[in-house]
Amino acid sequence: MTAPITILGIESSCDDTAAAVVHGRPSAASVLSNVVFTQTEAHAAFGGVVPEIAARAHAEKIDFAVEDALKSANVTLKDIDAIAVTAGPGLIGGVLSGVMCAKGLCAATGKPLIGVNHLAGHALTPQLTNGVTFPYLMLLVSGGHCQFLLVQGHNDYIRLGGTIDDAPGEAFDKTARILGLNQPGGPAVEKTAELGDPKAFSLPRPLINRPDCNMSFSGLKTAILRARDDVAAIHGGIPEQVRADLCASFQASVKDVLINKSQRALTEARAKAPELNTFAVAGGVAANMAIRGALETLCTNENVNFVAPPLSLCTDNGAMIAYAG
Ligand code: KG4
Ligand code: ZN
C-alpha cells in the first residue's frame, strides 16, 4: 500500500478562486481544508462570467486562498508533498493565475508540480466523497460543462456524449437574464419555477430523439426569448404568473433532456462495463432539486446507486484538484 501523502490543490479556471489541502491515499483521502472565494457578485451585473474580471479577481485572491487553505488545514508548506493545479480547460487568464502561483510555490520549495485536468477533478470527486469504485458513470452538469463520462480508472475516461453548444447552467443563467431574475440564474429560476406550471409553455426538447448521448441547450434559450417577447407584446410586460410558468416550463425541458440522455448513457455505459453499478452527478446544476430528484428516480428504476457529492465539492473547488493530483 502506498504511504499517505498531503497535497495542496489550486483551482482558478472559471469564477471561483479555490485552494484546499487533501491528505491520504487514493482509496481513503480526507479533505483537511477547502477554501473558495467566489466571484459571483463581481459578474452578477453582466449575466455571465466576464473573463477579464475573473482573471483580475483570481490574481488578487489566489495567494490568500492558498494561505487560508494551509492555515485551516493546520499545516505549512513543509508538510505538503506536492502541489496540484488546474492546468485547463478553462478561462485562460484564470488558469494562468493558478498555474503561476503553483509554479512559484514549487520553484521556491522544490515540491513537485502536478498539472490536473479540471474535468478529471470533477470526475474523480465521487471517489473522494463516497469511496465509489471504478467503473462508474458520471454526469457533469454546470455552467461550463455538460457531459457523460464512463470513469474506468484514475486516468481512464470514455466520453459518451455531451452538449454540442451551451451547458445547462449557462442556459439557466441566460433564462434568468431574459426574465429579469438575479444571477446566478439557476437558483433564481428554480425558486420562481416552484409557483409555475411546467406544461404552460411547450418548449423544445432538443436532440431528444437522436439515438446518442449528445444534447443541445442553446435553442431552448432562444425559445424562452421568443416566448417572453410574445407575452410582452400582448401584456405590455411579463406578469408574475407567466414568469413562473416560463421558468417551470424551461426547467421541465432541461430535466426531460437530461433524464432521457442519462438513460441512454447508462445503457451505453453498461454495454461497455457490465459491472457498473453507480451513477454520479456533479456540477452546480446538480443542486437543482427537480433535476436531482428525477435523476434519483431514474437510478432507482434502473437499479444503480445514485451519488451526488455535497454541493461544496460538486461545484468548482481545490479539494477535487488536490485529490486528482
Ligand atoms: O459548478 P459550478 O459552480 O461552476 C461551473 O460552471 O463550473 O456551476 C454553476 C452553474 C451556474 O450556471 C448556476 O446557474 C448553476 O450552476 N446552478 C443551478 C442551480 N444552482 C446553480 N442550476 C439550476 N438549478 C440550481 N439550483
Ligand atoms: Zn467545473
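In each ligand, atom 1 is the first atom listed, and ligand 1 is the first ligand listed. Atoms considered below: every heavy atom in the structure, side chains included; atoms not considered: hydrogens, waters and symmetry mates.
- Under the 3.5 Å distance criterion, the side-chain polar atoms of Ser12 are matched with a main-chain donor or acceptor of Gly94.
- Ring-plane geometry between Tyr136 and Phe134 is classed as parallel, the angle between the planes falling under 30 degrees on a 0 to 90 degree scale with a further cut at 60.
- Of the protein's heavy atoms, Asn288 ND2, 3.1 Å lies nearest to atom 24 (N) of ligand 1.
- Not a single heavy atom of Cys14 sits under 4.0 Å from any atom of ligand 1.
- For atom 4 (O) of ligand 1, the nearest protein heavy atom (residue, atom name, distance) is Asp316 OD2, 4.0 Å.
- Checked for salt-bridge contact, Glu67 and Lys71 miss the test: no charged N lies under 4.0 Å from a carboxylate O.
- Cluster annotation: Val21 is connected to Val66 through the hydrophobic network of ILVMFWY side chains, with a link wherever side-chain heavy atoms come within less than 4.5 Å.
- The distance criterion of under 3.5 Å between nitrogen or oxygen atoms is not met by Gly283 with respect to ligand 1.
- Here His122 reaches the Zn ion (ligand 2): one of its N/O/S atoms is less than 2.8 Å from the metal.
- In plain terms, the two heavy atoms of Asn214 and Asp212 that are nearest each other are N-OD1, 3.0 Å.
- Of the protein's non-hydrogen atoms, Asp173 OD2, 3.6 Å is the one closest to atom 11 (C) of ligand 1.
- In this structure, atom 9 (C) of ligand 1 lies nearest to the protein heavy atom Gly143 N, 3.9 Å.
- Atom OD1 is the N/O/S atom of Asp316 found closest to the Zn ion (ligand 2).
- Shown in contact with Gly144 at under 4.0 Å from a heavy atom are these atoms of ligand 1, numbered in order with element: 6 (O).
- For the residue pair Asp16 and His58, no side-chain donor N or O sits within less than 3.5 Å of a side-chain acceptor on the partner.
- Sorted pairs that involve residues 275-325 and meet ring pair (Phe, Tyr, Trp, His ring centres under 6.0 Å), not counting sequence neighbours, are lacking altogether.
- In this structure, the ring of Phe250 has its center less than 6.0 angstrom from the ring center of Phe172.
- When the options Glu190, Lys191, Gln251 are ranked by their closest heavy atom to atom 26 (N) of ligand 1, first place goes to Glu190.
- Of all atoms in ligand 1, listed by their number and element, those nearer than 4.0 Å to a heavy atom of Gly185 are 14 (O).
- Among all non-hydrogen protein atoms, the one lying nearest atom 21 (C) of ligand 1 is Gly284 O, 3.4 Å.
- Closest protein heavy atom to atom 22 (N) of ligand 1: Gly186 CA, 3.3 Å.
- Checking side-chain atoms of Thr86 against main-chain N and O of Glu11 turns up no donor-acceptor pair under 3.5 Å.
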